[in-house]
4 protein chains.
Amino acid sequence: MVNMGSRFRMAKKLLVDVDCGVDDAQAIMMALAVPDVQILGVTCVHGNTTTENVCKNVLRVLKACCKLEIPVFRGASKPILGITRNASYFHGVDGLGDAPDPEAPGLDMVQKEGAVSAMIRIATEHPGEVTLVATGPLTNLALAVRLDPTFPQKLKGLYIMGGNTESRGNTTVCGEFNFVSDPEAAYIVLNDYLCPVYITSWEFTCRHKLPWEFCDEWLSQDNEKAKFMKRIFQHSMNEAYSPQSEKELVDGFGFVSCDSYAMAAAVDDSFVTEYEQVAVTVELAGTCTRGMMVLDTLELLNKKHKAFLLKRVDMDKFKSLLINALK
Amino acid sequence: MVNMGSRFRMAKKLLVDVDCGVDDAQAIMMALAVPDVQILGVTCVHGNTTTENVCKNVLRVLKACCKLEIPVFRGASKPILGITRNASYFHGVDGLGDAPDPEAPGLDMVQKEGAVSAMIRIATEHPGEVTLVATGPLTNLALAVRLDPTFPQKLKGLYIMGGNTESRGNTTVCGEFNFVSDPEAAYIVLNDYLCPVYITSWEFTCRHKLPWEFCDEWLSQDNEKAKFMKRIFQHSMNEAYSPQSEKELVDGFGFVSCDSYAMAAAVDDSFVTEYEQVAVTVELAGTCTRGMMVLDTLELLNKKHKAFLLKRVDMDKFKSLLINALK
Amino acid sequence: MVNMGSRFRMAKKLLVDVDCGVDDAQAIMMALAVPDVQILGVTCVHGNTTTENVCKNVLRVLKACCKLEIPVFRGASKPILGITRNASYFHGVDGLGDAPDPEAPGLDMVQKEGAVSAMIRIATEHPGEVTLVATGPLTNLALAVRLDPTFPQKLKGLYIMGGNTESRGNTTVCGEFNFVSDPEAAYIVLNDYLCPVYITSWEFTCRHKLPWEFCDEWLSQDNEKAKFMKRIFQHSMNEAYSPQSEKELVDGFGFVSCDSYAMAAAVDDSFVTEYEQVAVTVELAGTCTRGMMVLDTLELLNKKHKAFLLKRVDMDKFKSLLINALK
Amino acid sequence: MVNMGSRFRMAKKLLVDVDCGVDDAQAIMMALAVPDVQILGVTCVHGNTTTENVCKNVLRVLKACCKLEIPVFRGASKPILGITRNASYFHGVDGLGDAPDPEAPGLDMVQKEGAVSAMIRIATEHPGEVTLVATGPLTNLALAVRLDPTFPQKLKGLYIMGGNTESRGNTTVCGEFNFVSDPEAAYIVLNDYLCPVYITSWEFTCRHKLPWEFCDEWLSQDNEKAKFMKRIFQHSMNEAYSPQSEKELVDGFGFVSCDSYAMAAAVDDSFVTEYEQVAVTVELAGTCTRGMMVLDTLELLNKKHKAFLLKRVDMDKFKSLLINALK
Ligand SMILES: [Ca+2]
Ligand SMILES: [Ca+2]
Ligand SMILES: [Ca+2]
Ligand SMILES: [Ca+2]
């Protein structure tokens, strides 16, 4: 890694693909706060809420951070097969805690160019330099590689929040939300993105919870960003100790900002201290397991490409990144 | 139908999406020979051969008909999931009977714009006027509707050669070639194209064979188009009575130009004399039936949109259209 | 065939496995009326109604024909996987038209020995002589071959009413009632019964309807059997022209005694005039096609054993057999 | 539990269903060495080797322990669907390390009565008293509940070695050997055995390995049983550090006598110190996950019956039980 410790290190160029719920917002704000990170665009996808709402939410987040100059692109409104799940509305119906802002920016600020077209164009303009961080269903990424098979090889790397490693479901019996929201897209991405792929699984995030005490302190900072976060996060926090949360969470209660782990790995090379390298795919045909991530530990699938699964991380760095996000 | 019997009828505007094997070539040549039909573009897709070869083949066909001014667009090189079947090479490895032409046009004549982008643009430029004829795997069409959900409603209609109605397989146990080559694409198109959709099934084409005697006579016309067709068709004709053909064909031997039936229906409103209207979808999960078209005769799927399945046609008109194609 | 035309031909030994609805009753009564046919036992299985009701119904049929000496055995009450479908109650909740008989024989007349055990025992006692006629879900047959892998080879032949040949569903989108009621059992039987297997498909029966006029005349015979049939058949006849029947039936309305075709083929060697020989199996994994019979016309499954599918029959013989059944 | 600490406790009555590889042998020998345990019969099933070999192996084990009076029954030779996997021959082709014994008992010592019939009969003779321990594919158990739906409720409890809890495959990508060898049987048993069911998963056994040093010491006991075990175990021990073993094992190398954990739980009520109670089923339809055990932690399947998954055990007791087995 040539850029570590250098005074003149190049800015990290990021493309961020989100279904902007609250943890996507936290991840975006984390990235915006890192000095040497440049977000070239935010692409929106269905997931926590409609693509329209996702666009609105991203604009609100950018406005809260005074970064409305970053272009926002509208992406797919449906998964690949078009079979939309009933949304869980964990983050509220509007995806941001149902705490609307009358002064929120309008959808006219969304770019005319579509998300998939923009992703391909931006990666082509910066070959080998763009890190793609995907924290929603992978529909846009799947469409991009079908339209331009060379898209993945133009990327520096891909960071995904999604999938599970131990068949632990948080949405269907064995399925994690982002992957089961578009199993075919997840399958396409895990099989056709031959660039370095870094995966933050549901079980990983659960095993790296923060205490709610940290969260309380984090949100109590006296500034606009913290107030914004506190407002949009209230809805989810109210559900934090519900029976449903208890069933979903692995290893007990706590504050799990899922998407932020993928972002932290993307923006700070020293955050992850251990990866597991293993070929992965997605089950498409199962009754209970459709959308489940599959680890080919027995090497039966004859896949040469292996993904990097986050295994150990520096939680102090994670806390710092979060704290800086709201400064 | 305002255009029937009128001396001043408007030209039919066609977009043709092909995996240009020999019957795609026959279908294209049929359309080119109809006076009031205007082909706005030919989009290419994987299928009978690679997308590269399909582009080359289309250019050869257009050249043989002195219509190289029609733009040709390169489309998807893989099915939606990226799982490529071993091609059957029924039409030869190059898709056109392995009878290469040293003076064939080069790939530089293919448009820079991609097929999916062109399809959306052209339909948007002529709202409600474009008839799309698809005679290969439906990958381009599936991508188009995901990138622009309003694309189908901009079309006048969609004519498909593909699928089967009685579980009669010609490629897999219960699968027809175009559909099993990209089951997800076929599923997406049958479920998301809510415009009028006309389907020519494998069984239908088999039940409307022409005698080989007709074909012999057809090819014996003394002109460049007939000679071109004779050269590219020889490879398939040699297989016409093979044991494999016997297993594939429904109702005995004969000349079946599959893609031409869909084209005939698109270019001549009086060709089809009876349709069956029924909701259709595609089986994705079956072991033997993956890619099979499914007719919901019991109306269990609660689909409002019904497709028009070709049932009876005027075979004399079909012969005329074919004969004119080589004039 | 040694028994044709001979004055001293050996009695045909039959085992009949039923889910006794009205057409099962018609089939049983058909067999009972044929002079040289001996029914060694009737085994009962879930299907049109509960196994309890099936046992009661069989006893009522035997009583109506004064043949209560034929042993009746209780079989499986659930399909192999245990997933019971909501019954359609086409033949009424009790399976015999909801026309109860206060003097019906009690369940104490059912044998202590279970159906599967009895099937294996009887076939073992008459090796090579027993013809098994199965007109319900194939659960008992599937269990029999797992308990005694040599059971099929002890049979003279197996006649099945079930499955479809053209993906035409009468119960699920692509599924015929008997097969979708236990897809795994159908799969096991079609793959493990290597004896001669004769299949009467749903489409075949629909294409060999009788006019309702024949039925009216048939039921108007003035005797106990005809009166019995008239009573139990009334419920189904009332549904004969319903919208649901219209969707289910292939090729229009009429009187279709499905199970009777399989029985006619079993008891009269000259009834079937043409079979199609083809390897068959059952789709287990499909969303719309689970339980659908699959014909391997392309010979891709490498199965040596081929089933005989009824294709053409002598309808005059069929009428005679039916008429004799109620004499 | 009335039997704890009592001098006059009743003997535990065991039925053992095995596909007798080496760890099945270890489990049987463990049970035979426990004073208050009475094995009423050993039923044999396909799995590690053919059912014939399994019968032979069980007889050899019983002979080595001078317990040939225990009846041995031959069970299913194929899984429910009849699709036999290529055996892995982890325990050698004959299942017992390919170390044949010329003086092994002959198959004439196997009972005439079949395994399924015997299981039902024995449970019926001792209602509520019989503990069933199943350490192979669950085919016999699945057949038993279909033949006699009341069989499970006649049992005191069922102890299974099989399935996985974290999608960790040891045979297929996500499948454990016993379950993937007959996924339908595992499905039937997990869904239809409503008695107390105790499950020892693959991951559990891997996380409770013993050091190979213990094994060496264990086998070095100077007596006939230890010599017998040493001979039949050599083949597997040679594979203990192979690359294949490394991929299969969770959490590193070591001695894992899978089947013995299920037996220890069955024979010693104080062995298990913590269970996880959760509804379980088996995925049947997946491409990578067919045969995988599914934990319904989100309680989406609406199953009332929950299984007991072994979570913590007393490893000192386990060692004692093993040591006594070879004394
Ligand atoms: Ca997200
Ligand atoms: Ca074509
Ligand atoms: Ca029946
Ligand atoms: Ca075992």
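Contact of B:C288 with chain C is made through backbone and side chain together, with heavy-atom distances under 4.5 Å. For C:E283, the part sitting under 4.5 Å from any heavy atom of chain B is the side chain, from C-beta outward, and nothing else. Residue contact with chain B, scored on non-hydrogen atoms closer than 4.5 Å, involves the side chain of C:L300 exclusively. For B:N170, the part lying near chain C is the backbone, with the side chain staying farther off; criterion is any non-hydrogen pair under 4.5 Å.
The residue among B:N164, B:V282, B:T171 with the most heavy atom pairs within less than 4.5 Å of chain C is B:T171. Comparing C:D296, C:L295, C:T172 by how many heavy-atom pairs each has under 4.5 Å with chain B, the most go to C:T172. Taking B:T165, B:T287, B:L284 one by one and counting their heavy-atom pairs under 4.5 Å with chain C, the maximum is reached by B:T287. If you tally non-hydrogen atom pairs under 4.5 Å between each of C:K247, C:E299, C:M292 and chain B, the highest count goes to C:K247.
Residues C:V294 and B:T289 have side chains in contact (heavy-atom distance under 4.5 Å, counting atoms from C-beta outward).
Considering OG1 of C:T297 and CD of B:E248, their distance stands at 9.0 Å, rounded to 0.5 Å.
Looking at residues two or more places apart in sequence or on another chain, you find a side chain to side chain contact (heavy atoms under 4.5 Å, CB included) between B:K303 and B:N191, B:A279, B:T281, B:L301.
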